[in-house]
Amino acid sequence: IDNLTGCSNVGSVIITPEAFSEVYAPSVNICSGAETIGMDAAANHTYSWSPSAGLSNDMISNPAASPASTTNYIVTITNTVTACIKTATVQVIVETVPALGLADILVCSDSNTIVGVTDQTIEDQFENWSWSPSTDLSASDQAAPTLVNPQVTRTYTVTATHGATGCMVSESFTINVDDQEGILADAGSDITICQGANTGLGTAAMLGLEYSWSPTVGIDDYTIAQPTVSPSQTMTYTLTVTDAATGCIAIDQVTVIVDD
């Protein structure tokens with residue numbers, strides 16, 4: 001309104017909120033190593049991530065994230081032209097996957113022994129087993145194949161997929177071969193028993209050899225060659241035989257099926 005003339009004029013201004021095109025995935029699952037989060041940078045925008053721990057760079061749009069545990073990351077996006085600010089949260093979920101538990105072993109040449117993952121509770125959690133190399137192995141797609149008549153020391157890499165998470169696990173271990181005469185582990189043949197019954201395992205003990213059975217559930221003495229077992233459910237027992245003089249080992253397994 002003009003105070004001298006009394007004239008007036010009316011105008012309008014249209015305010016349009018800035019539309020951010022960035023849409024961030026609310027969560028990302030990682031197994032090991034790093035996983036990229038975020039997306040490609042937009043022109044005239046800056047990015048800041050918090051917390052910065054576990055990020056390759058907290059000032060870019062798509063850093064690689066490798067946190068030690070599940071972490072919520074907040075990204076602040078600023079338009080340098082309009083000064084508009086937006087935030088988004090990305091949860092990086094670190095999957096928990098058990099180790100295969102492989103360790104270097106010593107065997108005697110010309111021996112036959114089970115190698116690899118003999119713990120049934122670990123084996124049951126994984127699938128798609130693969131061994132490299134497959135030399136001297138009875139199979140390369142099993143958790144615990146038989147090593148047949150080894151002559152030289154070798155390092156094997158075992159790879160498997162964790163069924164619950166889809167994570168791939170890879171571990172390497174060395175089978176050292178001694179040129180001493182091989183020893184034999186014989187856990188006996190698989191057997192079926194009735195619920196509440198018991199049965200003997202193994203074969204007669206040999207002088208100079210040490211015996212160890214696992215798991216110890218339902219077993220009367222896990223340190224002898226021929227224990228008696230009475231499991232309440234079907235159980236696979238692993239026998240490890242050690243030559244006290246050379247340190248060489250041999251491994252065999254037997255399954256006791258409990259018929260309800």
Side-chain angles (χ1 to χ4, degrees), residues 28-35 54 65-70 92-109 111-178 182-183 185 187 190 201 210-219 222 231 233-243 247-256:
V28 175
N29 293 58
I30 65 173
C31 298
S32 62
E35 187 76 23
S66 55
S69 59
T70 297
V92 178
I93 302 170
V94 179
E95 300 286 6
T96 301
V97 180
L100 300 181
L102 298 174
D104 295 351
I105 61 173
L106 174 66
V107 301
C108 291
S109 61
S111 62
N112 292 354
T113 180
I114 290 176
V115 294
V117 180
T118 57
D119 186 332
Q120 199 69 37
T121 60
I122 297 296
E123 179 182 351
D124 290 345
Q125 297 182 59
F126 290 87
E127 56 191 17
N128 301 326
W129 295 89
S130 177
W131 286 69
S132 179
S134 59
T135 308
D136 297 333
L137 298 176
S138 62
S140 61
D141 58 354
Q142 298 176 0
T146 299
L147 182 70
V148 182
N149 298 329
Q151 299 298 317
V152 297
T153 295
R154 283 191 176 88
T155 296
Y156 292 89
T157 298
V158 183
T159 303
T161 303
H162 188 235
T165 65
C167 292
M168 184 173 292
V169 175
S170 183
E171 293 184 18
S172 297
F173 74 114
T174 298
I175 300 177
N176 299 285
V177 178
D178 191 297
I183 59 175
D190 294 348
L201 301 181
E210 299 172 350
Y211 299 83
S212 178
W213 294 82
S214 66
T216 58
V217 177
I219 194 165
Y222 69 92
Q233 59 185 13
T234 296
M235 188 81 65
T236 296
Y237 290 96
T238 300
L239 167 64
T240 300
V241 180
T242 304
D243 187 326
C248 291
I249 70 168
I251 300 172
D252 193 25
Q253 291 183 314
V254 59
T255 297
V256 179

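The model shown is predicted, which means the values in this text are computed figures rather than measured ones. No hydrogens, no waters, no symmetry mates; every other heavy atom, side chains included, goes into these values.
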**Asked** Is a side-chain N or O of D178 found less than 3.5 angstrom from the main chain of V107, in a donor-acceptor match?
**Response**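 Side chain of D178 to backbone of V107: no pair is present.
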
Note, [X] side chain near [Y] side chain (heavy atom, < 4.5 Å):
X: V117; Y: F126; value: no
X: P150; Y: I175; value: no
X: L137; Y: L147; value: yes
X: L239; Y: V254; value: no
X: I251; Y: V115; value: no

What pairs with [X] under side chain to side chain contact (heavy atoms under 4.5 Å, CB included), at least two apart in sequence or on another chain?
X: T242; result: E210, T240, I249
X: A65; result: I37, L55, P67, Y73, V92
X: S66; result: A34
X: S132; result: none

**Request:** Could you tell me which residues satisfy ring pair (Phe, Tyr, Trp, His ring centres under 6.0 Å) with F173, sequence neighbours excluded, listed by chain and number?
**Result:** W131

Could you tell me which residues satisfy side chain to side chain donor-acceptor pair (under 3.5 Å) with [X], sequence neighbours excluded, listed by chain and number?
X: S214; answer: none
X: E95; answer: N29
X: S109; answer: none
X: Q151; answer: D110

**Prompt:** For the side chain to side chain contact (heavy atoms under 4.5 Å, CB included) test, which of T234, I219, L201, T236 pairs with V256?
**Reply:**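 Option passing the side chain to side chain contact (heavy atoms under 4.5 Å, CB included) with V256: L201.
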
**Message:** Strictly by salt bridge (Lys or Arg N to Asp or Glu O under 4.0 Å), give each pair with a member in residues 124-148 just once, sequence neighbours left out.
**Reply:**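 Of all non-adjacent pairs touching residues 124-148, those that pass salt bridge (Lys or Arg N to Asp or Glu O under 4.0 Å) are D136-R154.
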
**Complete:** Quick note, salt bridge (Lys or Arg N to Asp or Glu O under 4.0 Å) partners involving residues 111-121, not counting sequence neighbours, are none

**Asked** What's the shortest heavy-atom distance between C108 and S111, and which atoms?
**Response**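 Answer, listing the atom of C108 first, then S111: O-OG, 2.6 Å.
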
**Asked** Taking all atoms of both residues into account, what is the closest heavy-atom pair of Q142 and P145, and its distance?
**Response** O-CD, 3.7 Å

Looking at [atom1] of [X] and [atom2] of [Y], how far apart are the two atoms once the value is rounded to the nearest 0.5 Å?
X: N149; Y: T146; atom1: CG; atom2: OG1; result: 11.0 Å
X: W213; Y: D252; atom1: CH2; atom2: CG; result: 7.5 Å
X: Y156; Y: D104; atom1: OH; atom2: CG; result: 13.0 Å
X: T70; Y: I93; atom1: OG1; atom2: CD1; result: 6.0 Å

Enumerate donor-acceptor pairs with a distance under 3.5 Å from any side-chain N or O in residues 159-172 to protein atoms, sequence neighbours excluded.
from : atom 1 : to   : atom 2 : distance (Å)
T159 : OG1    : S170 : OG     : 3.3
H162 : ND1    : T165 : OG1    : 2.9
T165 : OG1    : C167 : N      : 3.2
E171 : OE1    : G101 : N      : 3.3
E171 : OE1    : L102 : N      : 3.2
E171 : OE2    : L100 : N      : 2.6
S172 : OG     : T157 : OG1    : 2.8

